[in-house]
Amino acid sequence: PKKECSLCVSRAHRGIYLLDSGETIPCDVIFPVMHGENAEDGRLQGACELAGIPCVGPGCAASAVSMDKSLTKLVAATTGVAQADWVTVTNADFKGDIISVIEEKFSYPVFVKPANAGSSVGITKAKNHEELLKGIQIAFENDKKLLIEPNTVGREIEVAVCGNDKPFASVCGEIVPNSDFYDYETKYISDAADCIADADLPELTAN
């Protein structure tokens with residue numbers, strides 16, 4: 001049967017606290033196989049650090065920066081990583097004239113993304129002025145900060161980075177969406193996308 005439980009952040013217990021019985025189940029390590037808010041954004045990782053329980057995957061700071069697309073962009077910009085240009089818009093300072101700034105900076109189509117949301121939730125591809133306005137509304141329903149990016153035609157290559165003190169990269173994988181873009185439905189519902197475990201790339205590029 002299901003039991004309500006909580007991660008106990010007291011280092012005296014180092015485990016999962018069962019709310020109904022008050023019992024604590026000791027944990028040696030936590031695999032945070034969870035998505036989205038409170039899971040990928042550093043909060044769960046921070047709780048594990050408070051509890052003194054090792055947590056698989058990125059730590060608190062790396063998770064927080066990776067979840068926030070605007071912070072990821074800023075960090076990448078300082079390292080010389082090539083990336084698509086962007087405009088950050090917050091709910092607090094959103095005004096109609098930002099639309100003019102976006103349309104002067106980018107040609108349609110553009111992507112509108114909540115800054116802090118995973119799995120392509122709230123992302124839209126705007127092909128005109130009206131779709132841009134609608135996309136901004138949808139994005140703000142998921143976060144108070146969003147990004148606007150130009151459409152970039154390319155391949156969806158993914159690489160896992162493993163290890164701590166001596167990190168190494170996995171082989172390159174490739175996602176072929178077989179749809180307009182790799183949105184939530186393509187990822188989880190339609191099963192349209194193909195996943196290639198070892199992408200066909202030149203050796204110099206892959207390495």
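Values reported hereafter were calculated over all heavy atoms of this structure, with side chains retained and with hydrogens, waters and symmetry mates removed.
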Colleague: Ignoring hydrogens, what is the shortest heavy-atom contact between Pro26 and Thr24? Give both atom names and the distance.
Modeller: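 For Pro26 versus Thr24, the nearest heavy atoms are CD-O, 3.5 Å.
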Colleague: Less than 3.5 Å apart, any donor N or O on the side chain of Ser119 or Tyr188 sitting next to an acceptor on the other?
Modeller: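 Yes - a donor-acceptor pair under 3.5 Å links their side chains.
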Colleague: Is the shortest heavy-atom distance from the side chain of Leu133 to the side chain of Ile99 under 4.5 Å?
Modeller: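 Yes, side chains in contact.
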Colleague: Donor-acceptor check, side chain of Ser21 to backbone of Glu23, threshold 3.5 angstrom: yes or no?
Modeller: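 Judged by distance alone, yes, a pair lies under 3.5 Å.
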Colleague: With a 3.5 Å distance limit and no angle check, can you tell me whether Asp41 reaches the backbone of Ala64 through a side-chain donor-acceptor pair?
Modeller: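 No; zero donor-acceptor contacts below 3.5 Å.
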Colleague: Does Lys73 offer a backbone N or O that forms a donor-acceptor pair with the side chain of Gln83 under 3.5 Å?
Modeller: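 Yes: the side chain of Gln83 pairs with the backbone of Lys73.
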Colleague: I'd like to check Tyr17 versus Cys5 (side-chain heavy atoms, cut-off strictly below 4.5 Å). Are they in contact?
Modeller: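 When only atoms from C-beta onward are counted, Cys5 and Tyr17 do not touch, as no gap falls below 4.5 Å.
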Colleague: Would you sort out whether Leu19 and Ser6 count as a side chain to side chain contact (heavy atoms under 4.5 Å, CB included), showing the intermediate values?
Modeller: CA-CA 7 Å; Leu19 302 182; Ser6 174; 4.3 Å; yes
Colleague: Check whether any side-chain heavy atom of Val110 sits under 4.5 Å from a side-chain heavy atom of Leu132, and report yes or no.
Modeller: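 A side-chain contact under 4.5 Å exists here.
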Colleague: Quick one, Glu156 and Val176 - any side-chain contact, counting heavy atoms below 4.5 Å?
Modeller: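 Counting from C-beta outward, Glu156 and Val176 never come under 4.5 Å.
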Colleague: Hey, could you give me the SG/CG distance between Cys60 and Leu44, rounded to the nearest 0.5 Å?
Modeller: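 It is 10.0 Å, given to the nearest 0.5 Å.
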Colleague: Between Ile175 and Glu158, is there a side-chain heavy-atom distance shorter than 4.5 Å?
Modeller: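 When only atoms from C-beta onward are counted, Ile175 and Glu158 do touch, with a gap below 4.5 Å.
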Colleague: Looking only at side chains, do Ser100 and Asp97 share a donor and an acceptor under 3.5 Å apart?
Modeller: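 Not at all, the side chains of Ser100 and Asp97 share no donor-acceptor pair under 3.5 Å.
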Colleague: Within this structure, what is the CD1-NE2 distance for the pair Ile53 and His13, rounded to the nearest 0.5 Å?
Modeller: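 One gets 11.5 Å once the value is rounded to the nearest 0.5 Å.
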Colleague: Any heavy-atom pair between the side chains of Pro54 and Ile30 that's under 4.5 Å?
Modeller: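 A side-chain contact is absent here, since even the closest heavy-atom pair is not under 4.5 Å.
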Colleague: Tell me which one of Asn151, Thr152, Ile148 satisfies side-chain contact (heavy atoms from CB on, under 4.5 Å) with Phe111.
Modeller: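 With Phe111 as partner, side-chain contact (heavy atoms from CB on, under 4.5 Å) holds for just one option, Asn151.
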Colleague: Hey, does the side chain of Gln45 reach the backbone of Gly42 with a donor-acceptor pair shorter than 3.5 angstrom?
Modeller: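 Yes: the side chain of Gln45 pairs with the backbone of Gly42.
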Colleague: Could you tell me which non-hydrogen atom of Gly118 sits nearest to which non-hydrogen atom of Met67, and how far apart they are?
Modeller: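 Looking at all heavy atoms of both residues, the shortest contact is N-CE, 3.9 Å.
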Colleague: Of all the heavy-atom pairs spanning Ala47 and Val9, show the shortest one and how long it is.
Modeller: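 For Ala47 versus Val9, the nearest heavy atoms are O-CG1, 4.0 Å.
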Colleague: For a quick test of reading the model, state the closest non-hydrogen atom pair linking Asn91 to Phe140 and the distance between them.
Modeller: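 Result for this residue pair: N-CE2, 3.5 Å.
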Colleague: Take Asp180 and Lys127, measure what side chain to side chain contact (heavy atoms under 4.5 Å, CB included) needs, and give me the verdict at the end.
Modeller: CA-CA 12 Å; Asp180 191 25; Lys127 300 175 183 177; 3.9 Å; yes
Colleague: For the pair Lys187 and Ser120, evaluate side chain to side chain contact (heavy atoms under 4.5 Å, CB included) and give the outcome as yes or no after the intermediate values.
Modeller: CA-CA 9 Å; Lys187 288 180 178 180; Ser120 297; 2.9 Å; yes
Colleague: Donor-acceptor check, side chain of Ser179 to backbone of Phe181, threshold 3.5 angstrom: yes or no?
Modeller: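 Here the side-chain-to-backbone pair exists.
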Colleague: Taking side chain as C-beta onward, heavy atoms only, is Ile136 less than 4.5 Å from Phe94?
Modeller: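 Touching, per the 4.5 Å side-chain cut-off.
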Colleague: Is the backbone of Asp85 close enough, under 3.5 Å, to the side chain of Lys105 for a donor and an acceptor to pair up by distance?
Modeller: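 Such a contact is absent between Lys105 side chain and Asp85 backbone.
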Colleague: Identify the heavy atoms of Ala139 and Leu146 that sit nearest to each other, and give their distance.
Modeller: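 In terms of heavy atoms, the two residues are closest at CB-CD2, 3.7 Å.
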Colleague: Spell out, as yes or no, whether a donor-acceptor pair under 3.5 Å connects the side chain of Arg11 to the backbone of Leu50.
Modeller: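 Confirmed, Arg11 side chain pairs with Leu50 backbone.
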Colleague: Could you state the interatomic distance from SG (Cys172) to CD1 (Ile196), rounded to the nearest 0.5 Å?
Modeller: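 Here the rounded value is 12.0 Å.
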Colleague: Determine the minimum heavy-atom distance between Gly15 and Leu7, stating which atoms define it.
Modeller: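 Closest heavy-atom pair between Gly15 and Leu7: O-CD1, 3.7 Å.
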Colleague: I'd like to know if Ile16 and Met34 are part of one continuous hydrophobic network [Ile/Leu/Val/Met/Phe/Trp/Tyr, side-chain heavy atoms within less than 4.5 Å].
Modeller: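 Yes, Met34 connects to Ile16 through the hydrophobic network.
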Colleague: Would you say Asn207's side chain and Glu203's backbone share a donor-acceptor pair under 3.5 angstrom?
Modeller: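 Answer holds: yes.
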Colleague: Could you state the interatomic distance from CD1 (Ile25) to SG (Cys27), rounded to the nearest 0.5 Å?
Modeller: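 Nearest 0.5 Å value for the CD1-SG distance: 7.5 Å.
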Colleague: One pair to check against salt bridge (Lys or Arg N to Asp or Glu O under 4.0 Å): Asp68 and Lys145. What are the steps and the verdict?
Modeller: CA-CA 9 Å; Asp68 187 320; Lys145 180 170 62 173; 2.9 Å; yes
Colleague: Check whether Val89 and Val112 end up in the same hydrophobic cluster, where Ile, Leu, Val, Met, Phe, Trp and Tyr are linked by side-chain heavy atoms less than 4.5 Å apart.
Modeller: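 The answer is yes; both residues are in one hydrophobic cluster.
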Colleague: Can you tell me if Asp194 has over 12 outside heavy atoms packed within less than 6.0 Å of its CG?
Modeller: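 Yes - once you tally the heavy atoms of other residues, nucleotides and ligands closer than 6.0 Å, there are more than 12.
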Colleague: Regarding Ser70 and Thr88, do their side chains bring together a donor and an acceptor under 3.5 Å, going by distance alone?
Modeller: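 Their side chains do not contain a donor-acceptor pair, so the 3.5 Å distance test is not met.
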Colleague: Counting neighbours of CG on Asp28 that are heavy atoms of other residues, nucleotides or ligands and sit closer than 6.0 Å, is the number greater than 12?
Modeller: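 Counting neighbours around CG of Asp28, 12 or fewer heavy atoms of other residues, nucleotides or ligands fall under 6.0 Å, so no.
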Colleague: Side chain of Thr186, backbone of Tyr182: donor and acceptor closer than 3.5 Å?
Modeller: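 Checking the backbone N and O of Tyr182 against the side chain of Thr186, no donor-acceptor pair under 3.5 Å is found.
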Colleague: Using a distance-only test with no angle check, is there a side-chain donor-acceptor pair under 3.5 angstrom linking Tyr108 and Glu131?
Modeller: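 No.
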Colleague: Quick one: does Thr124's side chain get under 4.5 Å of Lys113's, heavy atoms only?
Modeller: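 Side chain of Thr124 against side chain of Lys113, heavy atoms only: no contact under 4.5 Å found.
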Colleague: Kindly indicate, with the supporting measurements, whether the criterion side chain to side chain contact (heavy atoms under 4.5 Å, CB included) is fulfilled by Glu37 and Arg43.
Modeller: CA-CA 8 Å; Glu37 187 178 8; Arg43 291 185 174 96; 3.9 Å; yes
Colleague: Donor-acceptor check, side chain of Asn142 to backbone of Ile138, threshold 3.5 angstrom: yes or no?
Modeller: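 Yes: the side chain of Asn142 pairs with the backbone of Ile138.
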